[in-house]
Colleague: 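What follows is a single structure, and I will ask about it in a moment.
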Amino acid sequence: MRAAPQTVEAESDTTDHSALRLMLSYVEAECLRMGATDAARHAALAASLMPEAPKGGAAGAVRRPRGARLH
């Protein structure tokens, strides 16, 4: 059995994880732009509560401290 399918799956998980973080960052920034600070805090909290790295995923993932702003 080859290890390639696991690598492709890990890359996909890492990509999905990164995409979710990027979307949450965008939501936070847009909420701040519109003046919806509570919604922006919720988006930032969601991003900070995401697991550090997906199962079998990137070892170099950086996690920001809770409450830290993305922008």
Side-chain angles (χ1 to χ4, degrees):
M1 191 186 289
R2 292 181 158 188
Q6 292 175 348
T7 303
V8 171
E9 184 178 321
E11 288 176 11
S12 176
D13 288 346
T14 302
T15 301
D16 292 345
H17 192 261
S18 296
L20 284 171
R21 282 193 180 277
L22 184 60
M23 283 189 281
L24 287 169
S25 170
Y26 173 75
V27 167
E28 180 185 6
E30 284 300 303
C31 289
L32 287 172
R33 185 184 64 80
M34 294 185 307
T37 55
D38 288 339
R41 277 191 216 117
H42 285 320
L45 178 63
S48 70
L49 292 175
M50 287 182 66
E52 191 167 321
K55 57 182 177 179
V62 177
R63 184 169 183 180
R64 66 188 180 100
R66 288 186 180 182
R69 293 186 59 187
L70 291 172
H71 300 280

Colleague: Okay, side chain of S25, backbone of R21: is any donor-acceptor separation there less than 3.5 Å?
Modeller: no

Colleague: Only pairs under 3.5 Å count here: list side-chain donor-acceptor contacts from residues 37-46, not counting sequence neighbours, and write none if there are none.
Modeller:
unit_1, atom_1, unit_2, atom_2, d
D38, OD1, R41, NH1, 2.8

Colleague: Measure the spacing between NE2 of H17 and OG1 of T15 and express it to the nearest 0.5 Å.
Modeller: 11.5 Å

Colleague: Go through the structure and list residues passing side chain to side chain contact (heavy atoms under 4.5 Å, CB included) with L22, not counting sequence neighbours.
Modeller: none

